**Student:** 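Quick one: this structure, given as structure tokens, is what I'll be asking you about.
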Amino acid sequence: QVQLVESGGGLVQPGGSLRLSCAVSGFTSHYQAIAWFRQAPGKGREGVSCLSSRGGYTSYADSVKGRFTISRGDGKDTATLQMNSLKPEDTAVYYCALGPPCDLNPRLNSAAMDYWGKGTLVTVSS
């Protein structure tokens, strides 16, 4: 059974940083990409960033380019999202998900993803 567990969320002041982690377990074959999504209160789920497992291809939503960085974590099947210069509009529940290679899902369509974590809350507020 595939399981994704996010961690690292919390309360941070505007301009601050947070580092989210996603741990993947139960996957016997190599997955194609891991991505981060977020959902703010009253809004739909938005693709944030994607990392392909082969070649290291990455993509970012325009709203986070230059501020967020996706990378492999220290563990074998982990991924991190380093979030800098956080803004109040970054407040959301952040989810990690497994799905197709990033270049085959350029708009980070959530419907294309196969497995999801339960999310971690990020609140940016003074």
Side-chain angles (χ1 to χ4, degrees):
Q1 181 179 357
V2 177
Q3 187 174 17
L4 291 82
V5 179
E6 303 93 340
S7 62
L11 173 64
V12 63
Q13 292 187 341
S17 299
L18 278 177
R19 186 178 179 89
L20 304 183
S21 293
C22 176
V24 180
S25 62
F27 213 90
T28 58
S29 60
H30 203 65
Y31 53 82
Q32 294 176 308
I34 189 165
W36 287 94
F37 292 77
R38 66 186 181 185
Q39 188 163 14
K43 295 188 177 181
R45 195 163 292 190
E46 173 193 19
V48 174
S49 183
C50 186
L51 171 65
S52 287
S53 59
R54 295 187 179 183
Y57 179 95
T58 60
S59 63
Y60 297 91
D62 288 343
S63 58
V64 306
K65 278 181 183 176
R67 300 189 298 122
F68 290 11
T69 303
I70 191 171
S71 62
R72 296 211 172 278
D74 293 333
K76 177 177 178 289
D77 287 311
T78 61
T80 64
L81 185 69
Q82 178 67 43
M83 306 186 297
N84 299 327
S85 302
L86 284 162
K87 305 174 182 180
E89 51 264 43
D90 294 318
T91 295
V93 177
Y94 283 71
Y95 301 88
C96 61
L98 302 182
C102 305
D103 56 337
L104 298 184
N105 187 19
R107 296 188 178 185
L108 281 175
N109 182 356
S110 61
M113 309 307 288
D114 298 314
Y115 301 97
W116 291 86
K118 293 184 178 180
T120 185
L121 176 63
V122 171
T123 303
V124 184
S125 175
S126 55

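Since the model is a prediction, treat every value here as computed from it, not as a measurement. Reckoned from all heavy atoms, side chains included, excluding hydrogens, waters and symmetry mates.
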**Student:** With no hydrogens and no angle check, is any side-chain donor or acceptor of E6 less than 3.5 Å from a backbone partner on C96?
**Tutor:** yes

**Student:** Keeping S53 on the side-chain end and Q32 on the backbone end, is there a donor-acceptor pair under 3.5 Å?
**Tutor:** yes

**Student:** Would you please name every residue forming a salt bridge (charged side-chain N to carboxylate O under 4.0 Å, His left out) with K43, sequence neighbours left out?
**Tutor:** none

**Student:** Assess whether a salt bridge exists between D62 and K65, defined as any Lys/Arg side-chain N lying under 4.0 Å from an Asp/Glu carboxylate O.
**Tutor:** yes

**Student:** How close do C102 and S52 get, heavy atom to heavy atom, and via which atoms?
**Tutor:** N-OG, 3.0 Å

**Student:** So does C50 get a backbone contact from the side chain of T58, meaning a donor-acceptor N/O pair under 3.5 Å?
**Tutor:** no

**Student:** State whether the side chain of S49 and the backbone N or O of Y60 hold a donor-acceptor pair below 3.5 Å, judged by distance alone.
**Tutor:** no

**Student:** Taking C-beta and beyond as the side chain, do N84 and Q82 meet within less than 4.5 Å on heavy atoms?
**Tutor:** yes

**Student:** Taking ILVMFWY side chains as joined if any heavy atoms are under 4.5 angstrom apart, and letting links pass through other members, which residues group with V93?
**Tutor:** F37, Y95, L108, M113, W116, L121

**Student:** At what distance, to the nearest 0.5 angstrom, does CG of L51 lie from OG1 of T69?
**Tutor:** 11.5 Å

**Student:** Looking only at heavy atoms, what is the nearest atom pair of G16 and V12, with distance?
**Tutor:** CA-CG2, 3.8 Å

**Student:** How many angstroms lie between atom CG of L104 and atom CG of N109, to the nearest 0.5 angstrom?
**Tutor:** 12.5 Å

**Student:** Work out which heavy atom in T78 is nearest to a heavy atom in A23; give both atom names and the distance.
**Tutor:** CG2-CA, 4.1 Å

**Student:** Can you find a heavy atom in the side chain of F68 that is under 4.5 Å from one in the side chain of D90?
**Tutor:** yes

**Student:** Any sub-3.5 Å donor-acceptor pair from S21's side-chain atoms to S7's backbone N or O?
**Tutor:** no

**Student:** How long is the straight-line distance from CG of L18 back to OG1 of T120, given to the nearest 0.5 Å?
**Tutor:** 8.5 Å

**Student:** Of all residues at least two apart in sequence or in a different chain, which pass the side chain to side chain contact (heavy atoms under 4.5 Å, CB included) check with V5?
**Tutor:** Q3

**Student:** If you apply the rule side-chain contact (heavy atoms from CB on, under 4.5 Å), what do you find for S63 with E89, and how did you get there?
**Tutor:** CA-CA 10 Å; S63 58; E89 51 264 43; over 6 Å; no

**Student:** Taking all heavy atoms of W36 and all of A79, pick out the closest pair and write down the distance.
**Tutor:** CZ2-O, 4.0 Å

**Student:** Measuring from I70:CD1 to S59:OG, what's the distance to the nearest 0.5 Å?
**Tutor:** 7.5 Å

**Student:** Identify the two heavy atoms, one from A92 and one from R38, that lie closest to each other, and give their separation to 0.1 Å.
**Tutor:** CB-CB, 3.8 Å

**Student:** Could you check if a side-chain atom of D114 sits within less than 4.5 angstrom of a side-chain atom of V2, using non-hydrogen atoms only?
**Tutor:** no

**Student:** Going from CG on N105 to OG on S110, what distance comes out if it is rounded to the nearest 0.5 angstrom?
**Tutor:** 9.0 Å

**Student:** To check you understand the geometry: which heavy-atom pair defines the closest contact between S85 and S17, and what is its length?
**Tutor:** N-OG, 4.4 Å

